[in-house]
Amino acid sequence: MNDLRAPHRVASLAAQLVDTLREQIASGEWPVGMRIPAENDLVKQLGVGRTTVREALGALVHLGLLEARRGDGTYVRASSEMQSVLMRRASSSRRGDVLELRAVLEEYASGLAAVRRSDDDLAELRHLLEESEKRDDTRTAAEADVRFHQAVVNAGRNSLLTEVYDVLSASVVEQIGDTLWTDETADEHARLHRQLIDAIAAQDEVGARYCAAEIVKLTGAGAEREK
């Protein structure tokens with residue numbers, strides 16, 4: 001008896017459109033927060049029917065990549081399905097849990113950065129630290145600090161770790177962005193960051209991991225005092 005062969009199936013037009021629009025989002029052509037073209041515009045640009053466009057947009061909303069706002073349009077909510085899931089999970093988690101996960105990720109990522117960093121990475125880290133120390137209010141300082149740590153993670157050359165950390169970073173800003181620190185805590189925070197850069201520059205993996213853990217511990221302590 002001849003072996004049975006499964007029939008060849010061609011993806012529906014709507015499924016193909018989902019892949020096309022997902023690529024627009026993943027590539028950054030449609031960044032998170034952007035309002036995408038209106039339905040009528042997409043019909044004209046893509047040369048497909050209105051029903052096909054609606055089906056594709058509905059699928060992306062269901063996946064969490066898009067968010068439909070009544071009377072305002074459709075916005076990019078996340079760059080990937082993983083980002084969408086992590087955003088929802090982090091936003092509903094306790095502050096302490098988020099900070100503990102951040103500590104695990106940052107400690108390991110800082111060790112990778114010490115091993116894999118380039119001279120350009122070091123220059124970027126020093127620039128970002130200088131920028132963060134110039135910020136006057138707590139929220140903008142927290143945002144600048146997050147950019148610094150994102151650069152540390154990027155220097156580790158692990159794209160999956162970077163994606164997970166970027167999602168977590170947004171939750172960290174939301175949860176600790178209004179924390180008021182004492183001058184003593186702020187000084188210690190700056191000292192540890194400079195020490196972290198020195199460890200990464202020296203390719204001291206153990207030292208970099210220690211500094212990263214101490215920074216998150218200090219951040220968590222400051223946030224707890226605000227509760």
Side-chain angles (χ1 to χ4, degrees), residues 82-83 86-117 121-122 124-227:
M82 182 176 73
Q83 185 183 53
L86 287 173
M87 284 173 61
R88 288 198 300 270
R89 187 67 181 89
S91 64
S92 63
S93 299
R94 293 189 310 110
R95 175 186 294 183
D97 290 345
V98 172
L99 289 173
E100 286 175 3
L101 178 56
R102 180 190 173 196
V104 171
L105 295 179
E106 285 197 16
E107 181 179 343
Y108 187 77
S110 295
L112 288 181
V115 174
R116 300 174 179 174
R117 59 80 177 163
D121 291 327
L122 286 175
E124 177 71 3
L125 289 174
R126 291 185 173 114
H127 170 72
L128 289 171
L129 181 58
E130 182 179 343
E131 284 296 308
S132 69
E133 292 178 344
K134 291 179 181 177
R135 305 296 178 176
D136 294 328
D137 65 281
T138 308
R139 176 160 289 272
T140 57
E143 291 170 350
D145 183 63
V146 163
R147 288 194 296 274
F148 172 86
H149 287 285
Q150 285 174 326
V152 172
V153 176
N154 289 339
R157 306 288 188 272
N158 183 317
S159 59
L160 182 59
L161 180 56
T162 296
E163 185 175 356
V164 172
Y165 184 79
D166 285 349
V167 176
L168 188 65
S169 297
S171 180
V172 169
V173 171
E174 286 300 314
Q175 293 195 9
I176 69 172
D178 296 321
T179 300
L180 298 177
W181 288 358
T182 64
D183 290 341
E184 182 181 352
T185 299
D187 289 344
E188 177 66 6
H189 189 261
R191 185 190 69 78
L192 284 170
H193 279 68
R194 289 190 290 270
Q195 189 175 331
L196 173 59
I197 291 180
D198 290 342
I200 292 174
Q203 296 190 301
D204 178 2
E205 182 178 358
V206 174
R209 294 182 64 158
Y210 170 79
C211 290
E214 289 298 302
I215 287 169
V216 177
K217 187 185 302 182
L218 184 67
T219 302
E224 285 299 316
R225 285 195 295 271
E226 286 293 301
K227 294 174 67 174

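These figures come from a predicted structure and were not determined experimentally.
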Atom of Phe148, atom of Leu128 and distance for their closest heavy-atom approach:
CA-CD1, 4.0 Å

Only pairs at least two apart or in different chains count here, so list each side chain to side chain donor-acceptor pair (under 3.5 Å) that has a residue in residues 190-203.
Glu133-Arg194, Asp145-His193, His149-His193, Glu188-Arg191, Arg191-Gln195

Which residues pass the salt bridge (charged side-chain N to carboxylate O under 4.0 Å, His left out) test with Asp204, not counting sequence neighbours?
none

Taking all non-hydrogen atoms of both residues, which atom of Ala199 and which atom of Ala114 are closest, and how far apart?
O-CB, 4.3 Å

Minimum-distance pair of heavy atoms, taken over all atoms of Cys211 and Leu192
CB-O, 4.2 Å

Heavy-atom side-chain contact between Asp97 and Glu100 under 4.5 Å:
yes

How far apart are the closest heavy atoms of Ala109 and Leu161, and which atoms are they?
CB-CD2, 3.7 Å

Kindly indicate, with the supporting measurements, whether the criterion salt bridge (charged side-chain N to carboxylate O under 4.0 Å, His left out) is fulfilled by Arg126 and Asp121.
CA-CA 9 Å; Arg126 291 185 173 114; Asp121 291 327; over 6 Å; no

Which of these passes side chain to side chain contact (heavy atoms under 4.5 Å, CB included) with Arg117: Ile197, Ile200, Asn154?
Ile200

Between Glu214 and Leu218, is any pair of side-chain heavy atoms under 4.5 Å apart?
no

Glu107: which residues meet the salt bridge (charged side-chain N to carboxylate O under 4.0 Å, His left out) condition with it, sequence neighbours left out?
Arg209

Are Leu112 and Tyr108 side-chain neighbours, meaning at least one heavy-atom pair lies under 4.5 Å?
yes

